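In what follows, a structure is listed as structure tokens, so that the remarks can point back to it.
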Amino acid sequence: MAATLAGVPIEADILIDWFDEHGRDLPWRHPECTPWGVLVSEIMLQQTPVARVQPVWLEWLDRWPRPSSLASASQGEVLRAWGKLGYPRRALRLHAAASAIATEHGDRVPDDVDTLLALPGIGAYTARAVAAFAYGKRAPVVDTNVRRVVARAVHGAGDAGPASNTRDMADVEALLPSSDTPAARFSAAIMELGALVCTARSPRCADCPLTGLCAWQRAGKPAYSGPAKPVQKFAGTDRQVRGLLLDVLRNTSGPVAKTALDAVWSKSGQRDRCLHSLLEDGLVEQTTDGHFALPGEH
DNA sequence: CAACCGTGGCC
DNA sequence: TGGCCAAGGTT
């Protein structure tokens, strides 16, 4: 079934040629972008769209051009600069990763997957994305875009089922060109195809370079028939409340009294639970006089 | 493996 | 309007 795409060099070239012509001009793809810049982009892009990441990324690289410069900032400064990208624990983990890189790796982002995996906030996807995009290495880079393209083009399914790291990486491994540079370009290309053409909602099959090779296309584009994808609620959840609490601290220069935090959510039980969880996560600190502040800002 | 962790835009 | 979706990771 995967035989149509098993002739790797041809399909890889098709995708790479398409990417050369249609890939977006993103700052972290510029030749002068450092591995550190690539790492910062990958962390910011975890579950956050490119359009919101780009301006923040530019500020960060200007302000903290090396891991050691970010490591020198306080956690509060980092959380403020993170702004509303979401999932602020990513900012803290990136700060911690920067410290480890500065002190244990000579201020140079590691280039091998296993070393990258040992850093906070870097998982299976990000480690391989950095190896591929920052260092031009051959590694199966599997994100939501790649999983969708493989599900369709290779397996003929309408969409990817539940993620299975081992299986998904094996699928991509089988498509990857054998040498480093083409493999890294292929990884960027297939991800970009999923982002721009083979999209989740209304894929633009008419613009797809794989039309004719795509198993889903040849099967008549059957609808997705796998298990229903879990829907993440947001309104009313702790995630919303934590976000509201943190937003107060981001928008205030110094420590705030608890009454200021009490104003953002009416349910006191949930409010307090969320404040405690933020304290436990190190996203908020309490001052000696009982006020609350971003970590390291008092 | 499932649940949890922010935020905003789109159809 | 509200569910879906967005370059995941950790527990």
Side-chain angles (χ1 to χ4, degrees), chain A residues 19 23-24 26-29 37-57 79 82-94 96-97 116-134 139-149 159-169 172 184 187-196 198-203 224 227-250 264-265 270 273-274 277-278 280-284:
Chain A
F19 181 61
R24 291 167 291 182
L26 301 171
W28 45 85
R29 288 178 176 165
V38 172
L39 173 57
V40 172
S41 79
E42 291 302 337
I43 300 294
M44 288 183 172
L45 287 164
Q46 291 169 0
Q47 303 287 281
T48 302
V50 167
R52 277 201 281 152
V53 164
Q54 187 157 335
V56 180
W57 184 90
L79 287 171
W82 190 258
K84 307 200 79 172
L85 288 182
Y87 293 138
R89 293 190 296 186
R90 288 182 294 163
L92 252 32
R93 292 182 182 135
L94 179 52
L116 287 161
L117 282 172
L119 294 170
I122 298 185
Y125 162 76
T126 303
R128 290 169 179 82
V130 169
F133 305 146
V141 177
V142 180
D143 75 329
T144 186
N145 292 304
V146 173
R147 292 192 343 98
R148 187 173 54 249
V149 173
D159 208 340
S164 163
N165 211 298
T166 306
R167 177 177 52 72
D168 296 339
M169 286 207 297
V172 173
S187 295
I190 191 172
M191 199 178 312
E192 188 78 338
L193 186 76
L196 298 183
C198 194
T199 56
R201 293 192 184 106
S202 20
Y224 174 70
K229 305 185 175 182
V231 289
Q232 269 217 98
K233 297 293 183 190
F234 178 68
T237 64
D238 286 3
R239 261 175 24 263
Q240 181 183 21
V241 178
R242 284 164 54 105
L244 291 171
L245 292 170
L246 213 51
D247 201 39
V248 171
L249 300 181
R250 272 196 304 261
V264 305
W265 197 253
Q270 185 180 21
R273 180 176 71 239
C274 289
S277 74
L278 287 170
E280 286 178 1
D281 288 347
L283 288 162
V284 175

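All values reported here derive from a predicted model rather than from experimental measurement. A note on names: the letters A, B, ... follow the listed sequences, proteins ahead of strands, and every chain is numbered from 1. Side chains included, hydrogens not; waters and symmetry mates left out as well; all remaining heavy atoms used.
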For a quick check of understanding: with a heavy-atom distance under 4.0 Å over all strands, which category does [X] fall into, base, sugar-phosphate or nothing?
{"X": "Ser41(A)", "answer": "nothing"}
{"X": "Ala124(A)", "answer": "sugar-phosphate"}
{"X": "Ala129(A)", "answer": "nothing"}
{"X": "Arg29(A)", "answer": "base"}
{"X": "Leu26(A)", "answer": "base"}
{"X": "Trp57(A)", "answer": "nothing"}

Just jot down the salt bridge (Lys or Arg N to Asp or Glu O under 4.0 Å) partners of [X], sequence neighbours excluded, or say none.
{"X": "Arg242(A)", "value": "Asp281(A)"}
{"X": "Arg24(A)", "value": "Glu192(A)"}
{"X": "Asp247(A)", "value": "Lys84(A), Arg250(A)"}
{"X": "Arg239(A)", "value": "none"}

Measuring only the [atom1] atom in each nucleotide, how far is [N] from [M]? A whole number of Å is fine.
{"N": "dA3(B)", "M": "dC4(C)", "atom1": "P", "answer": "16 Å"}
{"N": "dG6(B)", "M": "dT11(C)", "atom1": "P", "answer": "14 Å"}
{"N": "dA7(C)", "M": "dC10(B)", "atom1": "P", "answer": "15 Å"}

Could you give the [atom1]-to-[atom2] distance, from [X] to [N], as a whole number of Å?
{"X": "Leu117(A)", "N": "dG8(C)", "atom1": "CG", "atom2": "C1'", "result": "13 Å"}
{"X": "Phe133(A)", "N": "dA7(C)", "atom1": "CZ", "atom2": "P", "result": "12 Å"}
{"X": "Asp168(A)", "N": "dG8(C)", "atom1": "CG", "atom2": "P", "result": "13 Å"}
{"X": "Met44(A)", "N": "dA7(C)", "atom1": "CE", "atom2": "C1'", "result": "13 Å"}
{"X": "Leu39(A)", "N": "dA7(C)", "atom1": "CG", "atom2": "C1'", "result": "13 Å"}
{"X": "Tyr224(A)", "N": "dC5(C)", "atom1": "OH", "atom2": "P", "result": "10 Å"}
{"X": "Asp143(A)", "N": "dG8(C)", "atom1": "CG", "atom2": "P", "result": "5 Å"}
{"X": "Arg128(A)", "N": "dG8(C)", "atom1": "CZ", "atom2": "P", "result": "15 Å"}

**OP:** Taking the side chain as every heavy atom from C-beta outward, state whether Val50(A) and Leu45(A) have any atom pair closer than 4.5 Å.
**Re:** yes

**OP:** By nearest nucleotide on DNA chain C, pick out whichever of Thr144(A) and Lys233(A) is the more 5' one.
**Re:**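 Of the two residues, Lys233(A) wins.
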
Original post:
Partners of Trp265(A) by ring pair (Phe, Tyr, Trp, His ring centres under 6.0 Å), sequence neighbours excluded?
Top reply: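 Result, ring pair (Phe, Tyr, Trp, His ring centres under 6.0 Å) vs Trp265(A): none returned.
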
Subject >> Thr144(A) OG1 to Gln47(A) CD distance, which is reported to the nearest 0.5 Å >> reply: 8.0 Å

**OP:** Identify the two heavy atoms, one from Leu39(A) and one from Thr126(A), that lie closest to each other, and give their separation to 0.1 Å.
**Re:** CD1-CG2, 4.3 Å

**OP:** For each nucleotide in nucleotides 3-11 of chain B, reading 5' to 3', give B when a protein heavy atom comes within less than 4.0 Å of its base, S when such contact involves only the sugar-phosphate, and - otherwise.
**Re:** --BBBSB--

